[in-house]
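The next block holds one structure in the form of structure tokens; read it before the comments.
Remember, predicted model here, so these are calculated numbers, not experimental data. No hydrogens, no waters, no symmetry mates; every other heavy atom, side chains included, goes into these values.
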Amino acid sequence: MLLVAFVTLLVAVALQPPTSVVALDVHLLRQLAAKHNVTSILVFGDSSVDPGNNNFIKTEMKGNFPPYGENFINHKPTGRLCDGLLAPDYIAEAMGYPPIPAFLDPTLTQTDLTRGASFASAGSGYDDLTANISNVWSFTTQANYFLHYKIHLTKLVGPIESSKMINNAIFLMSMGSNDFLQNYLVDFTRQKQFTVEQYIEFLSHRMLYDAKMLHRLGAKRLVVVGVPPMGCMPLIKYLRGQKTCVDQLNQIAFSFNSKIIKNLELLQSKIGLKTIYVDAYSTIQEAIKNPRKFGFVEASLGCCGTGTYEYGETCKDMQVCKDPTKYVFWDAVHPTQRMYQIIVKKAIASISEEFLV
């Protein structure tokens, strides 16, 4: 069991003609979101967007203990595998809302429901087998819990208003790394069925199927985060015994991302789903190659423990670096909240107003 895939909301590239793209700042995003009644964010995926659902699931894939949450509100570990906020939290902040709650959070309020929720589960992926390996929620299960969300929302605001809110919501999918690093490359089940190229094609079909499912459930706007350069994670370099990025894994990520982009173009042209592709791959590589450009000092090691292998349980109660804002990675897999913050700022600057209409 290697990792809970992190994905970041990095440079969002809207699949729209360049002339339609308006450089948005936080204030303009908030105005446009209000203008077009975009009032909620509905999140599906893995640890990059799980604010704590796994706290309530019988799995080892958790982060509800120190030092996780060190820089969160009241220094509280929430289940986010980060020192503080995740990317969806910063998107919510830009829209004037508090952090995105986990759907299983027992403190979830009626007001929270109207602003959206995360159904994500750390350790999940597009392949349901990936989730089964770690005993976490598959995308299929996440979608089923979204149906429960719709029932609660309908009881709260009525069927007409509920449908409007869901149609106007931003749907976000962020996963994929676990399918390779926690499944295909370490478990023989899929290796016996597929070559790497065939598995990439299999995942592509799963991603397309999942997106169409969300569309049938009411999604009109979909943001999909690409797989990051997996070979550059501190944990992967440590396991491979090298200090540089593992090119083989990066090529797998690049290949899969090209499939995602084509799928989003297809979804736009065939069913009219408004989509944005978030290029995690390119931006993380840029931050690693030129960290000082982003204000970082350390891009090879995580902030937790030795920074080489600690994440999740192995990071529990470990000493951390003095200044996480200077680090790209919080642990050996997941970014710091500072990295997420920079990423979301770039994402917002690349969103098309047409996406919000």
Honestly curious: do [X] and [Y] fall in one hydrophobic cluster under the side-chain, below-4.5 Å linking rule?
X: Met318; Y: Tyr68; answer: no
X: Phe294; Y: Phe329; answer: yes
X: Ile236; Y: Tyr184; answer: yes
X: Phe296; Y: Leu301; answer: no
X: Tyr149; Y: Leu217; answer: yes

Taking the side chain as every heavy atom from C-beta outward, state whether [X] and [Y] have any atom pair closer than 4.5 Å.
X: Leu181; Y: Leu249; result: yes
X: Ile260; Y: Tyr277; result: yes
X: Pro51; Y: Asp105; result: no
X: Glu93; Y: Val344; result: no
X: Asp127; Y: Phe202; result: yes
X: Asn168; Y: Arg221; result: yes
X: Ile133; Y: Asn183; result: yes
X: Asp112; Y: Thr109; result: yes

- Message: Go through it in stages, so that I can follow the logic: the residues are Thr336 and Asp83, the test is side-chain hydrogen bond (donor to acceptor under 3.5 Å, both in side chains), and I'd like the CA-CA distance, side-chain angles, deciding distance and then a yes or no.
- Response: CA-CA 6 Å; Thr336 56; Asp83 60 313; 5.1 Å; no

Considering non-hydrogen atoms only, spot the tightest contact between [X] and [Y] and give its length.
X: Gln182; Y: Met61; result: OE1-CE, 3.3 Å
X: Ser124; Y: Trp137; result: OG-O, 2.7 Å
X: Ser121; Y: Ile57; result: OG-CD1, 3.9 Å
X: Asp50; Y: Ser118; result: CA-OG, 4.3 Å
X: Ala299; Y: Pro291; result: CB-CB, 4.0 Å
X: Arg206; Y: Thr140; result: NH2-OG1, 4.3 Å

Does [atom1] in [X] sit with more than 12 non-hydrogen atoms of other residues, nucleotides or ligands closer than 6.0 Å?
X: Arg216; atom1: CZ; result: yes
X: His148; atom1: NE2; result: yes
X: Tyr238; atom1: OH; result: no
X: Ile160; atom1: CD1; result: no
X: Lys150; atom1: NZ; result: yes
X: Gln110; atom1: CD; result: no

What is the ring orientation for [X] with [Y], classed by angle as parallel under 30°, tilted 30 to 60°, or perpendicular over 60°?
X: Tyr199; Y: Phe194; value: tilted
X: Phe44; Y: Phe119; value: parallel
X: Phe103; Y: His152; value: tilted

- Query: If you measure from the Lys or Arg side-chain nitrogens to the Asp or Glu carboxylate oxygens, is any gap between Arg80 and Asp89 under 4.0 Å?
  - Reply: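 Salt bridge flag = yes for Asp89 with Arg80.
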
- Query: Salt bridge or not for Glu201 and Lys259, using N-O below 4.0 Å?
  - Reply: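 Yes, this pair counts.
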
- When you look at Tyr281 and Phe254, which way does the ring pair (Phe, Tyr, Trp, His ring centres under 6.0 Å) test go after all the steps? CA-CA 7 Å; Tyr281 188 97; Phe254 186 86; 5.7 Å; yes

- Task: Starting from the C-alpha separation in whole Å, work towards a yes-or-no answer on side chain to side chain contact (heavy atoms under 4.5 Å, CB included) for Asp179 and Phe256.
- Result: CA-CA 11 Å; Asp179 291 313; Phe256 179 52; 5.8 Å; no

- From CA spacing to verdict: side-chain hydrogen bond (donor to acceptor under 3.5 Å, both in side chains), Ser269, Glu265: CA-CA 6 Å; Ser269 63; Glu265 292 172 343; over 6 Å; no

I'd like to know if the side chain of [X] and the backbone of [Y] have a donor-acceptor N/O pair within less than 3.5 Å.
X: Asn167; Y: Gly218; value: yes
X: Thr314; Y: Tyr311; value: yes
X: Gln268; Y: Thr275; value: yes
X: Asn263; Y: Ser204; value: yes
X: Asn55; Y: Thr78; value: yes
X: Asp46; Y: Gly125; value: no

- So Leu239 and Tyr309, side chain to side chain contact (heavy atoms under 4.5 Å, CB included) or not? Walk me through it. CA-CA 8 Å; Leu239 293 173; Tyr309 68 88; over 6 Å; no

- Walk me through it: do Gln341 and Leu85 pass the test side chain to side chain contact (heavy atoms under 4.5 Å, CB included)? CA-CA 8 Å; Gln341 186 180 36; Leu85 299 173; over 6 Å; no

- Query: Can a donor-acceptor pair be found between the side chains of Ser138 and Thr141 at a distance below 3.5 Å?
  - Reply: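 Yes.
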
- Under the ring pair (Phe, Tyr, Trp, His ring centres under 6.0 Å) criterion, do Phe146 and Phe171 qualify, and how do the steps go? CA-CA 11 Å; Phe146 171 63; Phe171 283 70; 5.6 Å; yes

- Task: Mind checking the OG-CG spacing from Ser40 to Leu113? Nearest 0.5 Å is all I need.
- Result: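 Answer rounded to 0.5 Å: 10.5 Å.
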
- Task: Using side-chain contact (heavy atoms from CB on, under 4.5 Å) as the criterion, point out the one residue from Val38, Val43, Thr39 that pairs with Ile41.
- Result: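 Going through the options one by one, the only one that passes is Val43.
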
- Query: Would the SG atoms of Cys321 and Cys304 measure under 2.5 Å apart?
  - Reply: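 Looking at Cys304 and Cys321, their sulfur gamma atoms do not lie closer than 2.5 Å, so the answer is no.
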
